[in-house]
Every structure is written in structure tokens, then in C-alpha cells.
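A quick write-up on the structure given underneath.
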Amino acid sequence: VQLQASGGGLVQSGGSLRLSCTASGIILRINNMGWYRQAPGKQRELVAAVTSGGSTNYGDSVKGRFTISRDNLKKTVYLQMNSLKPEDTAVYFCNAVLTSWSEDTYRNGDYWGQGTLVTVSS
């Protein structure tokens with residue numbers, strides 16, 4: 001199983017970016033999907049998460065500015081980021097809790113993407 005994230009980049013304060021993350025492999029079921037971020041010198045924190053049923057949860061600092069969504073057929077989670085601020089600058093990691101098939105058995109696991117850098121200039 002692999003998670004491939006894309007969409008990071010450099011944007012001015014007040015701008016927007018859209019991150020995408022697609023899971024690949026023999027995946028039977030994806031439960032929660034989410035985005036986390038880690039700024040230099042800080043701990044990784046939850047940005048947003050979405051359950052298989054579509055319920056969402058956001059970190060306090062991004063509520064009202066970011067929107068998480070998922071496409072189950074495409075095994076993809078998105079993060080629309082609007083009204084970006086310099087303090088949103090971080091490496092963003094996607095995460096998925098899923099069931100896969102590997103080596104003749106079902107496996108439940110917590111997987112991470114490689115991270116994509118978002119830089120917001122003031």
C-alpha cells in the first residue's frame with residue numbers, strides 16, 4: 001500500500017491550494033482518511049480528517065478555511081485550503097486507516113504519505 005500526495009507549493013498569504021492524496025495497492029476498505037502537518041520545530045498536528053461515512057473533523061486553527069473531502073472510488077482524499085496564512089506553512093502528510101490484502105492475508109494498517117511542502121509567504 002502506498003499513499004501519494006501532491007499539490008503543495010508556494011502561495012501568497014490569502015491564497016488557496018488544493019492537496020490530493022491517492023492510495024494504491026490491493027485495498028479492500030478505507031476507514032478514516034486525513035491530513036496532518038508538521039512545521040519546523042513543532043509536533044505533527046491534525047489538520048482535518050474524514051470518515052468512510054463522510055463525517056469530518058478539523059483542527060481549530062483551520063476551521064472555516066480548509067475543507068476535506070474524499071472520493072472513495074478513486075481512493076483519494078483532498079484538502080482545499082483557502083485564506084492561507086504564513087502560519088499554515090508546514091509539510092502536510094496524508095494518512096489513511098485501511099484494510100488491504102497482502103501475502104495471502106488481510107491486513108489492517110495506518111499508512112502515511114511522503115509529505116508535501118506548503119509555504120505561505122506574507
Side-chain angles (χ1 to χ4, degrees):
V1 174
Q2 288 189 329
L3 298 182
Q4 182 67 46
S6 63
L10 173 64
V11 64
Q12 288 189 331
S13 181
S16 298
L17 281 176
R18 188 190 194 211
L19 306 183
S20 300
C21 177
T22 299
S24 61
I26 304 175
I27 297 168
L28 303 174
R29 175 183 171 85
I30 302 178
N31 297 313
N32 289 1
M33 302 185 83
W35 291 93
Y36 291 73
R37 68 186 181 187
Q38 187 165 18
K42 295 188 177 181
Q43 290 187 330
R44 190 173 296 191
E45 63 175 358
L46 172 70
V47 176
V50 57
T51 68
S52 57
S55 297
T56 58
N57 182 37
Y58 293 93
D60 289 341
S61 63
V62 306
K63 286 179 180 176
R65 299 188 297 123
F66 292 10
T67 302
I68 190 170
S69 61
R70 61 189 281 175
D71 184 326
N72 291 326
L73 289 178
K74 294 182 178 179
K75 300 184 180 68
T76 298
V77 62
Y78 305 97
L79 185 68
Q80 178 66 43
M81 304 185 293
N82 298 329
S83 301
L84 282 160
K85 304 175 181 180
E87 50 264 44
D88 294 318
T89 295
V91 177
Y92 284 69
F93 298 89
C94 60
N95 171 265
V97 179
L98 55 84
T99 302
S100 62
W101 178 260
S102 176
E103 298 177 353
D104 296 329
T105 189
Y106 293 104
R107 297 178 185 276
N108 297 312
D110 190 350
Y111 295 87
W112 293 89
Q114 82 283 12
T116 184
L117 178 62
V118 172
T119 304
V120 184
S121 63
S122 58

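Not measured: the values here are computed from a predicted model.
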Any side-chain heavy-atom pair from Asp110 and Asn95 closer than 4.5 angstrom? yes
State whether Asp88 and Lys85 are salt-bridged, where the test is any N-O pair (Lys NZ or Arg NE/NH1/NH2 against Asp/Glu carboxylate O) under 4.0 Å. no
Is there side-chain contact between Thr67 and Tyr78, with heavy atoms separated by less than 4.5 Å? no
Phe66 vs Leu84 side-chain heavy atoms within contact, under 4.5 Å: yes
Can you see which heavy atom on Gly8 is nearest to which on Thr116, and at what distance? N-OG1, 3.2 Å
Minimum heavy-atom separation for Leu117 and Ala90, please, with both atom names. CD1-O, 3.6 Å
Taken to the nearest 0.5 Å, the spacing of Gln114 CD from Cys21 SG works out to 7.5 Å
Run the side-chain contact (heavy atoms from CB on, under 4.5 Å) test on Tyr36 and Tyr92 for me, step by step, so that the C-alpha distance in whole Å, both residues' side-chain angles and the decisive distance to 0.1 Å come before the verdict. CA-CA 6 Å; Tyr36 291 73; Tyr92 284 69; over 6 Å; no
Output side-chain donor-acceptor pairs under 3.5 Å for residues 39-49, partner residues at least two apart or in another chain, one line each.
residue: Glu45; atom: OE2; partner: Arg37; partner atom: NE; Å: 2.7
residue: Glu45; atom: OE2; partner: Arg37; partner atom: NH2; Å: 3.2

Value for NZ (Lys75) from OG (Ser24), rounded to nearest 0.5 Å, stands at 9.5 Å
Working to the nearest 0.5 angstrom, can you tell me the gap between Gln12 CD and Ser122 OG? 9.5 Å
Evaluate side-chain contact (heavy atoms from CB on, under 4.5 Å) for Ile68 paired with Val77, printing each intermediate quantity in order. CA-CA 7 Å; Ile68 190 170; Val77 62; 3.8 Å; yes
Spacing of Asn31 atom CG and Thr51 atom OG1 [to the nearest 0.5 Å]: 9.0 Å
Given side chains that start at C-beta, do those of Gln80 and Ser16 come closer than 4.5 Å, heavy atoms only? yes
Are side-chain N/O atoms of Thr89 and Thr119 paired as donor and acceptor at under 3.5 Å? no
Does the side chain of Val118 reach to within under 4.5 Å of the side chain of Leu19, using non-hydrogen atoms? yes
Between Arg65 and Ser83 (side chain of the first, backbone of the second, donor and acceptor by atom type, cut-off under 3.5 Å), is there such a pair? yes
Tell me if the aromatic rings of Phe93 and Trp35 count as close, with their centers under 6.0 Å from one another. no
